[in-house]
Amino acid sequence: MKIETGSSGDIEIVRIIGIVDTTTAPQAESKIQDLLDNSCKKMVIDLSETEYMSSSGLRVLLSTAKKLWAKDGLLRICQPNKVVKDILDTSGFSVIMDVRDTEAEALKDF
Amino acid sequence: MWNQIKNFVAIKQDISERKRLEEISRTEKKRMETELDVARDIQMSMLKKNSQVLKNQNDVDIFAKIIPAREVGGDFYDYFWLDEERLCFFIGDVSGKGVPAALMMAVTKTLLKSAIGSMKSVSRALTQINNEISKDNENYMFITVFVGILNTTTGYMAYSNAGHNPTYVIDKQNSKIKSLNELHGVVIGAMENIEYGETVLRINRGDSIFIYTDGITEARNKENHLFSDDRLVEYLNKSFHFNPEVLLNGIIAEVKKHEDGAEQADDIIILHVNFMEQTEDSIVDYLFRNLQNNLESIQIFSIEFEEFAKKHSVEQEAIQQIKIVFDELLSNVVKYAYDNDENHEIEVKVRFYEEKLTVTIMDDGRPYNPFESDETDTTLELQEREIGGLGIHLVKFLVDDYHYEYKDQIKKNSTHFTKQINSELNEN
């Protein structure tokens, strides 16, 4: 797994490339934590290149959302593939999180 | 003169009486023969034919031999698949002969098959049918039974013996005959409320399980000498390398030679179950790995699994889904199953057959049924969400079928799932 970060205005963009499972999730979490520590309030997690994620990946998404929320911030997720989309749906995450089809959509009116 | 006539009448009456008795005896004999035919018909219609070869997934080769005695008894056997990987087989012998034995045999065989089909446990099936049969057993008939379930994925056989002759395992690799001597309870039908036990044994590919009724070992010659266990074991020891048909015919020939013209007193059934060696073709259908209880080991396995699945043209999406399932189940074991830091082995068996993937994971951690853990409430608001429990929810969503059992005998958790796969090749 690899993480690429970028930004668009005051929005931090996190691109997760590869697999998020029990082994790789802690790395993803610590990368994201670094951004959260730097007063980031708006974040887009781009899953377009995420092969799949297990529940450890979902936990990272959830804890990120909670941390942002705690400081009046927001998280958007975008472009999950079919496998990840199914996982988000069945876990109910699609309902409680803001999931967008494309990165452009995720950045709009944020 | 009168005297003479009186005598004549007496003789005549005597002859009539004898004729009447002869007639009765003829009728009786005829009736008995009909009864024996009925009994034999009942028995034979319940049993599979003499020599049948059963092949499933290149796994098991079964050969059976039945030789009923003239006065038919109540021997029976059967074999059938519980699911795509577990084969059940049993053999039994009802005490007594004739119609009552044949009827009891029919009842027992039916009850046993249905009990195993629903409970999938040899010990619990015997416990249940024993209670049923003992309850109304006014004729005091009883039945000896040997029943086994061979898991062809793991190679473990669970078996239970209720007063039956010892079964033999022919260990081809080491040229050894192993006798399964333990009894797990008294004969079926003797007494209610008996808990039958079971033993689990690892059967290697190439090994055979040899089960029989006492028609063999108790075959007598005119001097009343038994064929005996010793002769049977001696024969198996020198002939185990023959193919099943030759082996079984050879035993029958030995028994006949021993009887030396004396009538066969009891039914004979022999069941030979060969857990087949894998051929080149079938090896690629399996992926068996012993993993260490650490995350690196899981990652390596995940890569190996992907290669294996790709060879079978499993589409990428399904591969990813199954890798998620492996991550959930295996990381659970690594993180929570052990109290200490010692090294443990986690056995993973994957098989691919007819568009279906079957997986068994065995670990020696503390008994834990992952599927019983509380379902995550996926309708809760974000703030209320607990982190945890999600993994099993995903597993249940991603597979078609799952079950868990704790194997007491070997002290292992056994977690099992299957998933229907539509390979890319078949979609075209």
Side-chain angles (χ1 to χ4, degrees), chain A residues 1 16-29 32-33 43 45 47-77 80-99, chain B residues 291-303 305-306 309-310 314-337 346 370 373 375-399 419:
Chain A
M1 189 211 58
I16 303 178
I17 301 159
I19 298 162
V20 195
D21 61 10
T22 313
T23 313
T24 58
Q27 299 163 248
E29 186 155 34
I32 291 171
Q33 188 58 48
M43 185 182 287
I45 297 183
L47 299 179
S48 58
E49 290 179 65
T50 307
E51 234 185 89
Y52 66 84
M53 58 170 63
S54 68
S55 61
S56 349
L58 292 179
R59 286 185 191 108
V60 176
L61 298 183
L62 186 61
S63 67
T64 308
K66 281 186 168 180
K67 284 171 196 162
L68 282 163
W69 199 338
K71 51 179 185 176
D72 292 325
L74 274 177
L75 172 71
R76 280 181 184 170
I77 295 164
N81 69 14
K82 172 85 166 60
V83 173
V84 177
K85 178 81 170 60
D86 285 347
I87 296 290
L88 292 171
D89 286 346
T90 185
S91 58
F93 276 42
S94 312
V95 180
I96 55 171
M97 284 188 186
D98 195 349
V99 184
Chain B
L291 313 183
Q292 295 300 307
N293 55 325
N294 57 52
L295 294 181
E296 295 75 50
S297 194
I298 296 180
Q299 262 199 317
I300 293 165
F301 171 74
S302 184
I303 294 162
F305 168 76
E306 180 155 3
K310 277 183 173 156
V314 178
E315 56 176 22
Q316 193 59 25
E317 203 177 291
I319 294 179
Q320 291 169 344
Q321 290 173 335
I322 298 158
K323 284 171 79 179
I324 295 174
V325 173
F326 275 128
D327 185 54
E328 303 297 352
L329 294 175
L330 293 172
S331 66
N332 247 348
V333 175
V334 168
K335 285 183 183 168
Y336 307 117
I346 308 167
S373 64
E375 278 273 314
T376 304
D377 186 346
T378 53
T379 59
L380 286 182
E381 281 301 309
L382 184 56
Q383 292 293 46
E384 304 166 52
R385 278 296 177 88
E386 278 300 311
I387 297 190
L390 257 181
I392 288 309
H393 177 77
L394 295 187
V395 171
K396 289 178 177 174
F397 168 73
L398 292 169
V399 305
K419 187 172 174 64

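It should be emphasised that the depicted structure is a prediction, and the values quoted were computed from it without experimental measurement. In what follows, chains are A, B, ... by sequence order, proteins preceding strands, each numbered from 1.
A 4.5 Å side-chain heavy-atom check between K323(B) and D21(A) finds every atom pair outside the cut-off. Side-chain contact between V83(A) and I324(B) is present, with heavy atoms from C-beta onward closer than 4.5 Å.
At a 4.5 Å heavy-atom cutoff, the contact between Q299(B) and chain A is made by side-chain atoms alone. Interface remark: L295(B) contributes backbone and side-chain atoms alike to the contact with chain A (heavy atom separation under 4.5 Å). Looking at L398(B), only its side chain comes within 4.5 Å of chain A, counting heavy atoms on both sides.
Screening V84(A), I87(A), N81(A) for a side chain to side chain contact (heavy atoms under 4.5 Å, CB included) with Q320(B), the sole residue that qualifies is N81(A).
Among the candidates D86(A), L58(A), T23(A), the residue making the largest number of heavy-atom pairs closer than 4.5 Å to chain B is T23(A).
Under the 3.5 Å distance criterion, the side-chain polar atoms of E328(B) are matched with a main-chain donor or acceptor of S55(A).
The two residues S54(A) and L394(B) make their nearest non-hydrogen contact at C-CD1, 4.1 Å.
Taken from CD1 in I19(A) to CG in D327(B), the straight-line distance is 9.5 Å, to the nearest 0.5 Å.
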